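Data first, discussion second: the structure below is written as structure tokens.
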Amino acid sequence: MSQLLNTEEAVKRWDAYADTYAKNHGKNGDPHKEVFLNPAFISLMGDINNKDILDAGCGEGYFSRMLAEAGARVKAVDYSARMLEIAQARTLNDLGIEFKQGNCENLYFFKSGSFDLIISNMVIQDLADYQKAFSEMHRLLAVGGSFIFSILHPCFVTPECGWEKAENGEKLHWNVDKYFYEDVYEQALGENEKILLFHRTLTSYINALLRTGFVIEGIVEPKPSPEMLGKYPSFEEDLRCPDFIVFKLRK
């Protein structure tokens with residue numbers, strides 16, 4: 001991996017894209033989060049009232065606010081200073097959310113065993129050292145606590161993937177290539193921006209979690225519900241293969 005294409009470079013690009021990113025997020029996040037990720041997290045979390053929760057990589061803060069509104073005591077971190085500015089501006093003080101800037105690979109300012117639950121929504125793929133991040137999440141959880149995180153599905157979202165189309169534009173099937181490439185690549189986002197993504201195989205993710213000491217309690221490959229398809233019909237194509245995968249781990 002190029003020394004220049006690391007977690008620090010990834011967060012610089014997210015800083016530059018933060019305002020555009022935030023414009024696409026409302027109370028329930030963006031449409032992909034509303035349709036796929038929020039239902040998956042909610043199904044895995046259970047009752048969170050009175051629980052100490054870390055939102056690890058909170059972005060503009062929509063999920064932190066959802067957690068607090070459900071009765072949790074929430075701390076939220078993000079490596080992007082601009083994302084945190086937006087999150088704090090959008091968050092009412094009476095929700096009691098504590099925002100901090102920090103890299104999920106090293107959250108040294110939190111004490112070990114501080115949290116009942118850690119949520120990380122579409123963050124791990126932005127980190128160069130995912131194994132260090134897993135170790136840090138494990139350290140921060142109380143015994144018996146849970147870590148739930150989502151990522152782009154590594155089996156289907158690879159450094160070279162996309163729809164195979166007929167001449168008339170019909171989407172025939174989803175192509176996957178370079179699955180076993182485990183390193184950084186650039187992904188176009190918006191009109192001109194390119195973010196960094198760090199691809200790993202499913203085997204690498206699972207083995208890293210097991211080495212860290214986590215027990216896998218659940219895995220969800222989200223698909224749109226009939227209700228969500230009624231609201232967002234274009235997501236019907238996502239019944240053909242999953243874009244995301246969500247893990248629930250226990251310490």
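Every value quoted in this text rests on a predicted model; they were computed, and no experiment measured them.
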Report yes if some heavy atom in the side chain of [X] is under 4.5 Å from a heavy atom in the side chain of [Y]; otherwise report no.
X: Y21; Y: M83; value: yes
X: M137; Y: S120; value: no
X: L54; Y: L107; value: yes
X: E34; Y: M228; value: yes
X: L249; Y: I148; value: no
X: F110; Y: V77; value: yes
X: L37; Y: H32; value: no
X: F235; Y: L229; value: yes

Could you go step by step and tell me if K178 and E160 meet the salt bridge (charged side-chain N to carboxylate O under 4.0 Å, His left out) rule? CA-CA 6 Å; K178 293 192 175 180; E160 292 187 14; 3.1 Å; yes

Around atom [atom1] of [X], are there more than 12 heavy atoms from other residues, nucleotides or ligands closer than 6.0 Å?
X: N93; atom1: CG; result: no
X: F109; atom1: CZ; result: yes
X: E236; atom1: CD; result: no

Does the distance from a Lys or Arg side-chain N to an Asp or Glu carboxylate O, for [X] and [Y], drop under 4.0 Å?
X: D30; Y: K33; result: yes
X: K231; Y: E227; result: no
X: K23; Y: E60; result: no

Examine distances only and state if a side-chain atom of [X] and a backbone atom of [Y] form a donor-acceptor pair shorter than 3.5 Å.
X: K251; Y: H138; value: yes
X: D238; Y: K223; value: no
X: R90; Y: R65; value: no
X: K248; Y: L44; value: yes
X: W174; Y: F156; value: yes
X: E221; Y: P242; value: no
X: T201; Y: F180; value: no
X: D52; Y: D116; value: no
X: T91; Y: Q88; value: no
X: S150; Y: M122; value: yes

Count I, L, V, M, F, W, Y as connected when their side-chain heavy atoms are under 4.5 Å apart, and connections chain through other members. Are [X] and [Y] then in the same cluster?
X: V157; Y: L197; result: yes
X: I118; Y: I48; result: no
X: V215; Y: I219; result: no
X: V176; Y: L202; result: no
X: L152; Y: L239; result: yes

Parallel, tilted or perpendicular: ring planes of [X] versus [Y], cut at 30 and 60 degrees:
X: Y205; Y: Y130; value: perpendicular
X: F214; Y: F147; value: tilted
X: F41; Y: F63; value: tilted

Taking all non-hydrogen atoms of both residues into account, name the closest pair between [X] and [Y] and its distance.
X: V123; Y: G57; value: CG2-O, 3.4 Å
X: P222; Y: F36; value: CB-O, 3.4 Å
X: M45; Y: I119; value: SD-CD1, 3.8 Å
X: D15; Y: A81; value: OD1-N, 3.3 Å
X: Y17; Y: L189; value: CE2-CD2, 3.2 Å
X: F247; Y: I151; value: CE1-CD1, 4.3 Å

Verify whether one side chain among N121 and Y62 offers a donor that lies under 3.5 Å from an acceptor in the other. yes

Side-chain donor-acceptor contact under 3.5 Å, T20 with E193: no

Show your reasoning for whether side chain to side chain contact (heavy atoms under 4.5 Å, CB included) applies to D55 and I97. CA-CA 10 Å; D55 189 355; I97 301 170; over 6 Å; no

To the nearest 0.5 Å, what is the distance between [atom1] on [X] and [atom2] on [Y]?
X: Y181; Y: H199; atom1: OH; atom2: NE2; result: 10.0 Å
X: L196; Y: Q125; atom1: CG; atom2: CD; result: 12.0 Å
X: H153; Y: F244; atom1: NE2; atom2: CZ; result: 11.0 Å
X: I195; Y: D126; atom1: CD1; atom2: CG; result: 6.0 Å
X: Y185; Y: T158; atom1: OH; atom2: OG1; result: 6.5 Å
X: L140; Y: L117; atom1: CG; atom2: CG; result: 12.5 Å

Begin with the C-alpha distance, continue with both residues' side-chain angles, and end with the deciding distance and a verdict on side chain to side chain contact (heavy atoms under 4.5 Å, CB included) for N50 and R73. CA-CA 6 Å; N50 275 331; R73 293 181 294 272; 3.5 Å; yes

Between E9 and R13, does the salt bridge (charged side-chain N to carboxylate O under 4.0 Å, His left out) criterion hold? Intermediate values first, please. CA-CA 6 Å; E9 175 61 24; R13 300 190 187 199; 2.9 Å; yes

Ring centre gap for W14 and Y79 strictly below 6.0 Å: no

Let me see the working for D129 and T7 under side chain to side chain contact (heavy atoms under 4.5 Å, CB included), right down to the final yes or no. CA-CA 8 Å; D129 196 340; T7 300; 5.8 Å; no

Using the rule given for side chain to side chain contact (heavy atoms under 4.5 Å, CB included), can you reason through S64 versus I53, listing the C-alpha separation, both sets of side-chain angles and the distance that settles it, and then say yes or no? CA-CA 9 Å; S64 298; I53 299 182; over 6 Å; no

